[in-house]
Amino acid sequence: MAAVTMDKIVSLCKRRGFIFQSSEIYGGLNGAYDYGPLGVELKNNIRDFWWKEMTQMHDNIVGIDASILMASKVWEASGHVSNFSDPMVDCKQCKSRFRADQIDLNAPCPVCGNKDSFTEPRNFNLMFETHIGANRDASSVVYLRPETAQGIYVNFKNVVASSRVKVPFGIAQIGKSFRNEITTKNFIFRSCEFEQMEMQFFVKPGEDEKWFPYWREQRMAFYDKMGIKKDHLKWHQHGSDELAFYAKDAYDIQFLFPMGWQELEGVHSRTDYDLTQHTKFCGKKQDYLDPVTNERYIPYVVETSAGLTRNVLMALCDAYEEEEIDGDTRTVLHFHPAIAPVEVAILPLVKKDGIAEMAQDLEKELRADFKTFYDQSGAIGRRYRRMDEIGTPYCITLDYDTKENDTVTLRFRDSMEQVRVAKKDLVKTIKEATKNYKRK
RNA sequence: GCGAAAGUAGCUCAGUGGUAGAGCUCCACCUUGCCAAGGUGGAUGUCGCGGGUUCAAGUCCCGUCUUUCGCUCCA
């Protein structure tokens with residue numbers, strides 16, 4: 001079985017309506033993508049799967065949804081204004097580019113040896129800038145957030161005061177972030193506009209040692225629940241030279257994308273860095289009063305930060321398979337049923353003798369419980385293949401026997417096995433199958 | 001931002017200056033009684049965009065946008 005290439009993913013995404021290039025009719029916009037009818041379902045399903053797992057399934061995590069535009073001071077405090085940009089110089093002779101802080105600007109170019117060859121250092125700030133108000137003076141500059149985490153930190157006191165949460169507790173958030181990347185590549189893997197699923201877990205200083213491995217284990221288990229292949233995932237621990245200035249320890253979950261192992265999610269120990277910074281910059285103590293011991297401290301933070309849009313790409317790459325069947329190729333997306341854009345397809349074996357009408361009625365009945373799709377066009381095998389290609393886990397076929405005894409054929413995507421099920425048992429049977437789903 | 005290559009139907013591509021094409025897909029009807037490609041008919045393009053050369057440009061030239069690969073970058 002050949003490894004999937006990005007070309008095939010991009011092609012399938014466009015062909016079947018998962019993901020399109022932004023502004024395509026105008027020649028496209030670099031690093032921006034639009035989600036089509038199936039793509040938005042997939043993305044929303046992954047988002048909801050994460051949200052349920054992180055909030056509903058934990059009694060000590062609450063959610064927020066902070067605004068994308070925030071006070072500029074937030075980014076001064078977080079270090080993004082000063083650290084999120086790199087002054088760069090180019091060699092005028094050989095066009096090589098260097099970071100201005102990593103090279104002696106008075107020395108000859110290390111590549112071509114040319115002297116007095118560098119351009120003036122130019123700043124590449126990775127934050128998008130815009131203005132609030134019609135009057136574009138310096139005081140109105142705001143940034144589109146480059147990460148969602150700060151929206152959580154600046155609401156720490158609000159959440160503590162309003163939600164009766166006690167340390168240890170977490171705040172979860174899903175939303176868009178923006179980075180003015182110098183280059184974008186690999187489809188939606190790195191784009192200027194992306195969505196993050198973040199959770200900041202606030203703990204008593206010292207207890208981060210305990211919670212850090214806990215969340216690493218939880219987060220890896222999440223991908224197993226989503227049906228992602230175990231051998232497509234691995235941990236990468238940041239070496240001391242890779243650690244961000246705020247981080248005490250950092251692990252990435254990497255996924256084996258077509259272009260190699262790449263970061264999918266970070267689990268980072270951020271200590272009290274951010275809350276301390278905001279204390280300094282806003283002048284108000286961002287601390288926590290333990291209601292039992294009356295101790296006052298700034299909590300430490302264990303952060304789980306996943307890319308939703310990267311998760312979408314992962315789900316597509318992980319699910320994609322081309323299987324050889326009798327000299328024919330079957331393209332299948334083996335999505336976990338919980339994230340599949342279409343859960344159940346209803347297919348009449350023939351159109352005549354009232355079978356199609358019967359199938360349409362059944363489709364309407366099942367809508368309340370599943371995302372359904374009705375298709376009466378073409379041979380039955382062809383319709384199965386179409387559903388395989390968009391990852392529909394269950395197909396229901398109605399035939400003449402359905403008229404006699406109210407049973408239908410339930411066909412499973414992965415095994416292609418078929419079972420005869422009474423119409424009245426369909427919802428229960430399908431929900432049971434989803435609950436017990438195991439990726440082969 | 002640098003270098004190279006590419007951009008023609010929804011997809012994969014052919015078309016080296018002279019009427020815009022193929023296969024698949026898609027739609028309708030027929031056939032089909034459970035795993036694609038059977039029959040009949042049909043739809044689809046300012047050949048990425050803008051300019052130039054020419055009697056004539058998908059084709060040659062310039063610019064531009066986008067994509068891919070390699071740099072650079074990505075705390």
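We name chains A, B, ... by the order of the sequence lines, and we start the count at 1 in each one.
- Between the side chains of A/Arg413 and A/Thr392, no donor-acceptor pair of N or O atoms lies under 3.5 Å.
- Comparing A/Ala379 and A/Arg330 by the nucleotide of RNA chain B that holds the closest heavy atom to each, the one mapping nearer the 5' end is A/Ala379.
- Tested against A/Arg420 for a salt bridge (Lys or Arg N to Asp or Glu O under 4.0 Å), the candidates A/Asp406, A/Asp425, A/Asp399 yield a single pass: A/Asp399.
- A 3.5 Å limit on both hydrogen-bonding distances identifies no Watson-Crick or G-U partner for B/rC73.
- The CD1-C1' distance, from A/Ile396 to B/rC34, rounds to 14 Å in whole Å.
- For the C1' atoms, the distance linking B/rG51 with B/rC69 amounts to 29 Å, nearest Å.
- Residue contacts shown for A/Gly31 are limited to sugar-phosphate atoms, with no base heavy atom under 4.0 Å away.
- When the P atom of B/rG10 is taken as reference, atom CG of A/Asp34 falls 17 Å away, rounded to whole Å.
- Look at A/Gln418 and you won't find any side-chain N or O under 4.0 angstrom from OP1 or OP2 of B/rC35.
- Contact check on A/Asp353 versus A/Lys403 returns no salt bridge, with no Lys/Arg side-chain nitrogen under 4.0 Å from an Asp/Glu carboxylate oxygen.
- Between the CG atom of A/Asp353 and the C1' atom of B/rU32 there is a distance of 14 Å, given to the nearest Å.
- Protein atom CZ of A/Phe412 is 17 Å distant from nucleotide atom P of B/rC35, rounded to whole Å.
- Applying the ring pair (Phe, Tyr, Trp, His ring centres under 6.0 Å) test between A/Phe201 and each of A/Phe156, A/Trp215, A/Tyr300 identifies A/Trp215 as the sole match.
- Interface remark: the A/Glu389 side chain does not form any donor-acceptor pair with the B/rA36 base, using a distance-only criterion of under 3.5 Å.
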Protein-nucleic acid N or O pairs under 3.5 Å, nucleotides 47-50 of chain B:
none

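- For the pair A/Asn30 and B/rC65, the criterion of a side-chain N or O lying under 4.0 Å from OP1 or OP2 is not met.
- Nucleotide B/rA22 forms a Watson-Crick or G-U wobble pair with B/rU12, both donor-acceptor distances falling under 3.5 Å.
- Stacking between A/Tyr400 and B/rG33 is present: the aromatic ring centre lies within less than 5.5 angstrom of the base six-membered ring centre, and the two planes differ by under 30 degrees.
- Each of A/Val350 and A/Thr329 has a nearest nucleotide on RNA chain B; the 5'-most of these lies closest to A/Val350.
- A ring pair (Phe, Tyr, Trp, His ring centres under 6.0 Å) with A/Phe187 is found for exactly one of A/Tyr33, A/Phe257, A/Phe20, namely A/Tyr33.
- If you check every strand for non-hydrogen atoms under 4.0 Å, A/Glu147 touches a base.
- Rounded to whole Å, the P atom of B/rA14 lies 29 Å from the corresponding atom of B/rU40.
- In this structure, A/Ile9 and A/Leu313 have side chains that are in contact, with non-hydrogen atoms separated by less than 4.5 Å.
- When the C1' atom is compared between B/rC73 and B/rA37, the two are found 47 Å apart, to the nearest whole Å.
- Residue contacts for A/Thr409: at a heavy-atom cut-off of 4.0 Å it reaches a base atom on one of the strands shown.
- The gap from the P atom of B/rU8 to that of B/rG48 amounts to 6 Å, rounded to the nearest Å.
- Put simply, NZ on A/Lys8 is 12 Å from C1' on B/rU12, counting in whole angstrom units.
- Comparing B/rA75, B/rC35, B/rC11 against the side chain of A/His80 picks out B/rA75 as the nearest.
- Comparing B/rG7 with B/rC13, their C1' atoms are spaced 12 Å from each other, to the whole Å.
- A salt bridge does not link A/Glu389 to A/Arg330: none of the charged side-chain nitrogens sits closer than 4.0 Å to a carboxylate oxygen.
- Rounded to the nearest 0.5 Å, atoms CE (A/Met358) and OH (A/Tyr400) are 9.5 Å apart.
- The partner of B/rU67, taking Watson-Crick or G-U wobble pairs whose two distances both stay under 3.5 Å, is B/rA5.
- Of the candidates B/rC35, B/rU12, B/rU66, B/rC35 carries the atom nearest the A/Met416 side chain, counting heavy atoms from C-beta on.
- Atom CG of A/Leu410 is separated from atom P of B/rC34 by 17 Å (rounded to the nearest Å).
- Within 4.0 Å of A/Leu349, counting heavy atoms only, lies at least one base atom of the nucleic acid.
- For B/rC71 and B/rA9, the P atoms lie 31 Å apart once the distance is rounded to whole Å.
- Atom CD of A/Glu417 sits in a sparse spot, with 12 or fewer heavy atoms from other residues, nucleotides or ligands closer than 6.0 Å.
- Of all nucleotides present, only B/rG52 satisfies the Watson-Crick or G-U wobble test against B/rC60, with each distance under 3.5 Å.
- Residue A/Glu24 is out of contact with every strand shown, counting any heavy-atom pair closer than 4.0 Å.
- Separating the P atom of B/rA28 from that of B/rG70 is a span of 43 Å, rounded to the nearest Å.
- OP1 or OP2 of B/rG10 has not a single side-chain nitrogen or oxygen of A/Lys14 nearer than 4.0 Å.
- The separation between A/Leu347 atom CG and B/rG33 atom C1' is 14 Å, rounded to whole Å.
- Under the 6.0 Å cut-off for aromatic ring centres, A/Tyr288 and A/Phe202 do not qualify, their centroids lying 6.0 Å or more apart.
- On a pure distance criterion of 3.5 Å, no polar donor-acceptor pair joins the side chain of A/Asp388 and the base of B/rC35.
- In this model, a side-chain donor or acceptor of A/Arg411 finds a partner on the base of B/rC35 within 3.5 Å.
- Judged by distance alone, the side chain of A/Arg310 and the main-chain N or O of A/Glu263 form a donor-acceptor pair under 3.5 Å.
- Of all nucleotides present, none satisfies the Watson-Crick or G-U wobble test against B/rC47 with each distance under 3.5 Å.
- Taking the P atom of each, B/rG21 and B/rU44 are spaced 13 Å apart, rounded to whole Å.
- The side chain of A/Ile380 approaches B/rC34 more closely than any other nucleotide in the set B/rU66, B/rC34, B/rC11.
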Practice problem: May I have the step-by-step check of salt bridge (charged side-chain N to carboxylate O under 4.0 Å, His left out) for A/Lys229 and A/Glu321, ending in yes or no? | Solution: CA-CA 12 Å; A/Lys229 279 185 175 171; A/Glu321 272 180 22; 3.2 Å; yes
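- To the nearest angstrom, C1' of B/rU25 lies 13 Å from CG of A/Leu12.
- Pairing for B/rU40 goes to B/rA28, judged as Watson-Crick or G-U wobble with the two contacts each under 3.5 Å.
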Can you name the atoms? Protein N/O to nucleotides 26-29 of chain B N/O, anything below 3.5 Å, with the distance.
from	atom 1	to	atom 2	distance (Å)
B/rC26	OP1	A/Arg386	NH1	2.7
B/rC26	OP2	A/Arg382	NH2	3.3

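- With respect to A/Asp208 and A/Arg270, no salt bridge is recorded, no charged nitrogen being found less than 4.0 Å from a carboxylate O.
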